[in-house]
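Step one of this worksheet: look at the structure below.
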Amino acid sequence: MWGFCSLIDFSFVFELYKGAFEVLEFPSMAAILNTGNVSFFLWLFIWGFADILKQTRGERTRFSINFSRFSKITLASNFIILISHIGFCVYKFLKHEVVPSESVTSALTWSLATIVTVYSFFSRRDEHTRKWPWVLVLFWCFSMILDSVSVTFIIFNYLKSKNMHIFLSKSNLVDMATFPFSILLCFDGLTYRVTKKHEELDEPLLQETSKDTSAFTKSGIWKRVTFNWLNPLFELGHAQKLEFNHVPSIPESETAQEAACLLEESLQKQKTRGSVLTMAIIHAIRQSLAINAIFAGVNTLASYMGPILITSFVNYLSEDDNDSSYQKGIILSCIFFLAKTIESLSQRQWYFGAQRIGIRIRAALIVLIYKKSLSVKYGTTSNGNIVNLINMDVEKIGEFFWHIHGIWLLPIQVLLALIILYMNLGFAPSMAALISTILVMIINVPLANMQKDFQTKVMESKDSRIKATSEILKSMRVLKLHSWQSNFKKKLIALREKEQNWLKKYLYTCSAIAFLFWTSPTLVSVSTFGVCIFLKIPLTPSVVYSTLATFRILQDPIYNLPDLVSMVAQTKVSLDRIKDFIIKDSTTDQDFVMEQDVAIEIEPGEYAWDTNDLDQRKPTIKISQKIKIPKGYKVAICGSVGAGKSSLLCSILGEIPRISGGRIKVFGSKAFVPQSAWIQTGTIRDNILFGRGMNKGFYDEVVDGCGLDRDFETLVDGDLSVVGERGLNLSGGQKQRIQLARALYNASDVYILDDPFSAVDAHTGAHMFKKCLMNLLDKKTVVYVTHQLEFLSAADLVLVIKDGVIVQSRNYNDLIADPTSEFARQIAAHSMSLNPLHETKTLTTFPQTNHGAPLELKHEPCRTRVGSIETIPQEESQSGRVKFSVYSTFITSACKGALVPVILICHTLFLALQMGSNYWMAWATEDEGRVSSKTLIEIFVVLSGGSSLFILVRAFLLSVIAIKTGQNLFLQMINSVFRAPVSFFDSTPSSRILNRSSTDQSTVDVDVPYRLAGLVFAIIQLLSIILLMSHVAWPIFLLCIIVIAISIWYQAYYITTARELARMIGIQKSPIQHHFSESISGALTVRCFNQEVRFLNKCLKVIDDYSRVTFHNTATMEWLCVRINFLFNLVFFILLVVLVHLPRASIDHSLAGLAVTYGLSLNVLQAWVIWNLCNVENKMISVERILQFANIPSEAPETIKDYKPEPNWPTLGQIELKDLHVQYHPALPTVLKGITCIFPGQKKIGVVGRTGCGKSTLIQALFRVVEPTKGCILIDGIDVSKIGLHDLRSKLGIIPQDPTLFQGTMRTNLDPLEEHSDCEIWEVLNKCRLADIVRQNKRLLDTPVAEDGENWSVGQRQLVCLARALLQKRSILVLDEATASIDTETDNIMQKTIREETSRCTVITIAHRIPTIVDSDLVLVLDQGEVAEYDSPARLQEDASSAFSKLVNEFLRRSV
């Protein structure tokens, strides 16, 4: 650095360095060298002697000769330095000259050091223990420092005397020759000491996975600097399409487990401070951050060498030709090249290190969020909120570490710029530059604050949109069945428009900041040169160009201040959001000492879901007496809808907040079966095993007990069939039985079952009760909720609950003996529901031989499996280059691309005027008096002002394009998704759609337009600089063509690998979201089964998979930049050499200075081109992914003009099925096989049959969820396949088996289309016995409904769905297990209400409760997709051999 600065002819710098060097005279240097050499000689000798003794006492060293490339370099460097010192001493001795003492001590010390190096190399047993002794490393560092001081002396003396003989001195030759090797030794020693220390700590943990060590970890220093460790990956990616398994593993430090452990340790240490999370993150990465800061600092210092040296070079071009001048020019060119090379390499290491830190922090935070989401109880976790935390906030924090060093680099950059300006112009102009810089920064501050506020609003509105999108995707089947998707799409678009309004303000603010960024050099230069002219400070081309180069560098800190403020603010918002989430209270389960005979001990207490709800008048559950449940007891819980049965189970599990009283104790392991089935994506077997090993005998017993063996026969892959997200391709009964099998196979001590028999038919329910509760769980403690009162007699204890209070707690016989009790009232309602069965047929008419035999539809076992669960396909990804059509679609999406040429013209004019203003200043000041001062500054202001105007127009138009393009692509995708068939949502996890709607859409909104524009702008600027340099020195043009050709080849070689890595990033991120979503929805089950560790391990795996491709994708970009940077640095170096060789008379000094000034930014600009070129294609994959979902094959049209039914259709409601065949997929068997029957209008039709017989398929065919392969369905004589889907579905009503509520209010759930008055809504609420419940909240119809209706019981949700259907008043109504989760008394009232309200409707009822069907006009019995029986219930029961008659008989026998 001293040698560089001595080139500047400023007296105060010269005198400063001169004084410093005079202090460090050679005698004192010799003393330091002698002292150090003697000390290290003794230290090396003692260490070697001690280590040899240690080896002889211990195990004998097994020498290994396994030379790595860098090990050879290390050994060779030692020998070269040793030979140099010995050679110098021998030379002096042979010349009969006095050998200096420092030379002797150096030779002796290096001799011993070389011996120690060889010894320690051969005594290292393997690569994992390879490290150099500290004494050797310190000696290398000591020698390197002394050599650097000596070389600095030599360069300073030469620049001072201009005498080339200084370099020919023998001692100086030794110092200069050994200096590079000293640097290599120092670097190697420090690298191994630092990296191997970490590996030693991790080695015991990594012994099992040592074979999977990452390519990065195994690489040496040279490979890391040049990124050559990626060469095998590039070779593979160039030879074939890169697959995920081709990507090497990531370093251990970047794995999610390692990163999370470090962060959690830091959190424990920092927990007493205020900013816990922020300080913990800094503490966890402090070492990596410090190393990264060194690279950032070196890069900054190297970047400022250009403005320092340019003055000397431009002055040199003005000097006369002579030999010494030529040598000076070559030295200046070499220094330029060295500085640019250091700048490039340090920048690459800085950026890559920052990305590594970001990957580490991203992984750690995701793990923390996941752990918290699993541990937080009481249903306070929102899926949409979690998606935004991991998609937006965690990503934002990860990106921040790319900018973090700007905080401390900013004042250093400004200070360095001011020093250069002070040396060039003096005090007053530099102060003017400082004031104008501060002024520009002050102007940026309010803009940055606005940007921060708008960004916060964008995030909040995005939260709302993603949350709504998540809810809509989960309920898409229901929306399509009701034909509500268009209305919900409008609501989603309205949320997007709200987001877009904030996005507009944000992007326009960004445009203003970008305008200030590009015009800041102009503003600062105008004020600075204005002061110079006013004070009559002489300006020369060298001073002008140095000043302009400084202003161009000063542009970054000016721009970075608001950007940093914004980034810090955004990161703080994200940190606060994550901190608020992870500090939520999470109650850990307490282990209780096992009591001998007690399984559950219930203490008196009160429990409430929402402890902060001011409208909560009373607790949800109130327990007034202590209850002890002995081991092996069967405890039944019954009560009406909304009484608190499920809440009581949750209080036993500790999942509901306790506001007073004692804790409920559960002794032993627990298994839980929730009322709303939770099924994981995967095979059925995996869902049953749930992390436990396979015990084939017990597994078969469990499968048989749950009645799943028959289902496995009908599936192509049996229990290895893959189920979709949330079990969408399973029936309700199948999901319920699978999760019951999961609980049984867990072999727990206590079983808690929430209405497990509601979703199955009578026969299956009886089979499960006998096989599971009475057989497999005979000696287990079971607490079960049921609305089938016939299952209560087997219980040892029955708890009757009403309004959250246990009103009765006795055995079954004692309860029925009390005729006035709540339980007796429920029994009476149950008996009333059986009256229609007794009236139709008595039990005595059935043959007694059937008693106790399985009652099932008689047929031969199915040999050809007739159904299949469709395997969830892997996410599709394109291969090869991003197609040109993707680019053209994106570019022409806004105003058909009309604004693009306008923007390009504005940028070209901006560059031309900017270069013109710079050239004007140099040309006008070349000769004193060439132009007047007034003309000089006026033309400069005009040219600069013109360039600023064009940049303003460019920034504004670019924001307009970004806004319009993002919105258009969003609408294309959302319209396509909403028009997709239901089968698309069954086979596509919602996380894939959410990923595109959140991450990809955000990339398109604020990233892709600016990346693409930045690439084009940088290419134009790069070409303009090349043309400028070629104009000054025409050979440069040929060289640039060669370099560009090589760069294009490198880029083409790079992109084949990088493109696939970028695609993998999007693909590997979806599993993280899917696993989060699945885990959150089943968190209660995961906790109850103690499966947190297994789920966490899966989370760690999917995070590591994502980090793996992100790490290598980042590294590949740096690999390319290192190579292209070197090529363009070489171009700049050759330009300087050419200018040195050219005759002075043939050079336009001003133009040459301009070329050198702009050439300084050549490597930065080229890096920006390459960076954007790579990023654009990588980011365009987001556009490609959105367009992929913008072209989903759509279902049938919503309306068909030529076949539009009458407005009052259907009037009668008659449904005719003609030879109906339905097949889900051409490769799958036919499900419905030639069904032909008529459902008369305004009649009640019941549909029964075993699981898999085709009941749900029949309903789906009616709604055209699946199209018939043969035959047709006629409604009032109109073929439903010929009319639009909206015209069909909007005329049909359905109450689905899974009750679906939306977040909002009771009004919006009952009347989503806002078609009915409050009076009509209250009327149906009264009919459905919901009015009293709604009135308990003072907000009445605005009573809040949580996400998925979680604050309402499942039975209450079914009543809301029933009220919704009654409010619509359709001519045809389908009830699919509409009252399965309702108690018998409420069901009786609801059935009466349905009969009264639908007296003029055609009602198709699918139900497992026989009383619900027995009063139908007709009953259709399906078997294997065919009509088994179809007649009135009375006639079917008259035939004792009929399937329906046997079903009724079984139900009566079970119920009596």
Side-chain angles (χ1 to χ4, degrees), residues 306 310 314 340 514 517-522 525 541 544-545 548-549 551-553 555-556 900-923 940 943-955 958 1012-1045 1047-1048 1051 1124-1125 1127-1136 1138-1139 1147-1173 1176:
I310 199 170
V314 174
K340 301 307 287 184
F517 166 69
W518 287 102
T519 57
S520 58
T522 300
S525 58
V544 168
Y545 284 133
L548 290 174
F551 289 154
R552 289 171 67 85
I553 297 179
Q555 182 179 13
D556 284 331
V900 174
V902 179
I903 291 176
L904 294 179
I905 291 171
C906 286
H907 184 71
T908 305
L909 292 174
F910 156 72
L911 285 177
L913 292 174
Q914 188 184 56
M915 284 187 174
S917 64
N918 293 342
Y919 180 69
W920 164 256
M921 285 299 296
W923 178 83
F940 181 70
L943 293 174
S944 301
S947 66
S948 301
L949 178 62
F950 284 116
I951 209 67
L952 177 63
V953 175
R954 190 202 77 178
L958 188 56
L1012 189 58
L1015 171 62
V1016 177
F1017 298 158
I1019 289 175
I1020 295 173
Q1021 195 167 353
L1022 182 63
L1023 292 175
S1024 65
I1025 293 175
I1026 290 173
L1027 290 175
L1028 176 62
M1029 292 192 304
S1030 302
H1031 179 71
V1032 174
W1034 66 266
I1036 296 299
F1037 183 73
L1038 298 177
L1039 180 63
C1040 286
I1041 291 177
I1042 296 171
V1043 168
I1044 289 173
S1047 301
I1048 292 172
Q1051 199 271 341
I1124 307 299
N1125 271 349
L1127 289 174
F1128 278 88
N1129 285 338
L1130 191 61
V1131 170
F1132 181 61
F1133 173 68
I1134 293 175
L1135 168 68
L1136 298 178
V1138 170
L1139 290 176
I1147 299 177
D1148 183 342
H1149 300 155
S1150 298
L1151 203 58
L1154 185 66
V1156 174
T1157 302
Y1158 276 90
L1160 280 175
S1161 60
L1162 191 64
N1163 68 320
V1164 176
L1165 188 60
Q1166 162 273 325
W1168 183 241
V1169 170
I1170 295 300
W1171 183 266
N1172 274 306
L1173 192 64
V1176 160

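The distance from atom CG of L1130 to atom CD1 of I1134, rounded to the nearest 0.5 Å, is 4.0 Å. From Q1021, atom CD reaches atom OG1 of T908 across 11.0 Å, with rounding to the nearest 0.5 Å. For the atom pair CD1 (I903) and CZ (F950), the distance works out to 14.0 Å, reported to the nearest 0.5 Å. Rounding to the nearest 0.5 Å places CG of N1129 at 11.5 Å from CD1 of I1124.
When the ring-ring contact (aromatic ring centres under 6.0 Å, His included) test is applied to F910, the partners found at least two apart in sequence or on another chain are W518, H907. For F1133, the ring-ring contact (aromatic ring centres under 6.0 Å, His included) partners at least two apart in sequence or on another chain are F337.
Nearest heavy atom pair, residue A1013 against residue L958, reads CB-CD1, 3.6 Å. Shown here for S1047 and F1128, the closest heavy-atom pair between the two residues is OG-CE1, 3.6 Å. Residues V953 and C906 share a closest heavy-atom pair of CG1-SG, 3.8 Å. Closest heavy-atom contact between S944 and S947: O-OG, 2.6 Å.
Put simply, the residue from I1041, I1042, I1048 that forms a side-chain contact (heavy atoms from CB on, under 4.5 Å) with I1044 is I1048.
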Exercise for the section: In sequence, state the C-alpha distance, the side-chain angles, and the governing distance for I1020 and L911, and then conclude on side-chain contact (heavy atoms from CB on, under 4.5 Å). Expected result: CA-CA 9 Å; I1020 295 173; L911 285 177; 3.6 Å; yes
